[in-house]
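A note on names: the letters A, B, ... follow the listed sequences, proteins ahead of strands, and every chain is numbered from 1.
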There are 2 protein chains.
Amino acid sequence: MSRPPHAREKVLDAFERLLITEGERAATLESVAREAGVSKGGLLYHFGSREALEEGMYARLRMLAAEDVEAVRTAPEGPISYFLSTSGDVGLPLDRAITAVGRLAHGGNAAAAAELAAVRASWGEALRPHVRDDAALDLVMLVSDGIYVNSALMNDLPGPVPRGEALAALIRLVETAARD
Amino acid sequence: MSRPPHAREKVLDAFERLLITEGERAATLESVAREAGVSKGGLLYHFGSREALEEGMYARLRMLAAEDVEAVRTAPEGPISYFLSTSGDVGLPLDRAITAVGRLAHGGNAAAAAELAAVRASWGEALRPHVRDDAALDLVMLVSDGIYVNSALMNDLPGPVPRGEALAALIRLVETAARD
DNA sequence: GTCTATACTAAGATAGAC
DNA sequence: GTCTATCTTAGTATAGAC
């Protein structure tokens, strides 16, 4: 909501960073506090438990995702192309929030999995009017999921995710198969 | 290698089961030992450390994946169709091993991520001769990744993964776009 | 609003009995 | 080959000072 960065936001940033780069196991309250530059007690003033900290991440994700769904809907180059070309982004706030919550979801956290499913469903609704049928929607969504999971798993390393011209060729292929 | 199930295999089964159903955090040595019906000391006789236990899972994955790559190559209905139609399986030994190692990978374990990347690459090699070009290979691989990640994340719950006729329609769409 | 100190629990790992 | 007992470290959480 405002600057300068409150301790609360710094804690959330640190939690997110640790989840992305070192995984759920490493993102303990102590590590998060250290990474955020506050004490354990200080962290626990803002988030009274680990669950509250996780809930804070979900709230951040919901806010950023709502903005992105609007961006998908109104993208000048068309929703499908925009949606797919941004699926492999890894540095932007939304992508970081998704990856962080994804780490929690794969860690067995059912609430986190439900948050991701909700975001995914809202993208599906935004894309539905622009594809031929349900199979085409599945195609677009699953290619996006595939790009995301490879990006998130490989943490910036040169992995199997298509980039540049390869990504552009893939998007042309998907659009041909799916566009209404 | 043989029956009756040695304690070693029971431990590995328990580790796999806990990773899949409750995530990495819950899969502690103590929980794994309890789930396997052995003591912590008994477990540590077979796997001297947590790392050794993880390495045991990688070995299991490598063995099952090698078998599956052969099945993809020789599938009567064609490699693409077979590959995609089995991407959403969740109960078979290979799928369970992949999901378990996936949990570790998303938990920030670089070795686990490398194992998954290697398996993925071997599938890519098997499929390459059967697709039109690199973009088509990307399409098939990413749709498969998407199906897998949704299946693994949703743990059997009725999720966003296409099944039955919806899956068949998706596969026809992908084959039309990708097949050589 | 943030810190230190501390309580309690559980983690990974070792030693040695059976 | 498997168990019990124990060590050390680290996790979540609370109380109370500043």
Tell me the interatomic distance from [X], atom [atom1], to [N], atom [atom2], rounded to whole angstroms.
X     : N      : atom1 : atom2 : answer
B:F47 : D:dT2  : CZ    : P     : 12 Å
A:R34 : D:dG11 : CZ    : C1'   : 12 Å
A:L43 : C:dT4  : CG    : P     : 14 Å
B:E22 : C:dA10 : CD    : P     : 15 Å
B:L53 : C:dA11 : CG    : P     : 14 Å

Once base and sugar-phosphate atoms are separated, protein heavy atoms under 4.0 Å mark nucleotides 12-18 of chain D, 5' to 3', with B, S and - as BBB----

I need the [X] [atom1] to [Y] [atom2] distance, nearest 0.5 Å.
X      : Y      : atom1 : atom2 : value
A:R96  : A:I20  : CZ    : CD1   : 4.0 Å
B:S31  : B:R17  : OG    : CZ    : 12.5 Å
B:R50  : B:E55  : CZ    : CD    : 13.5 Å
A:R163 : A:S151 : CZ    : OG    : 5.0 Å
B:R179 : B:R132 : CZ    : CZ    : 11.0 Å
A:I98  : A:D89  : CD1   : CG    : 10.0 Å

Inset, instruction - Determine: side-chain N/O of A:Y45 to OP1/OP2 of C:dG1, distance under 4.0 Å, yes or no. - result: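 Yes, because at least one side-chain N or O of A:Y45 sits under 4.0 Å from OP1 or OP2 of C:dG1.
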
Next item on the list: Determine: side-chain N/O of B:H46 to OP1/OP2 of D:dT2, distance under 4.0 Å, yes or no.
Entry: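 For D:dT2, OP1 or OP2 has a side-chain N or O of B:H46 closer than 4.0 Å.
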
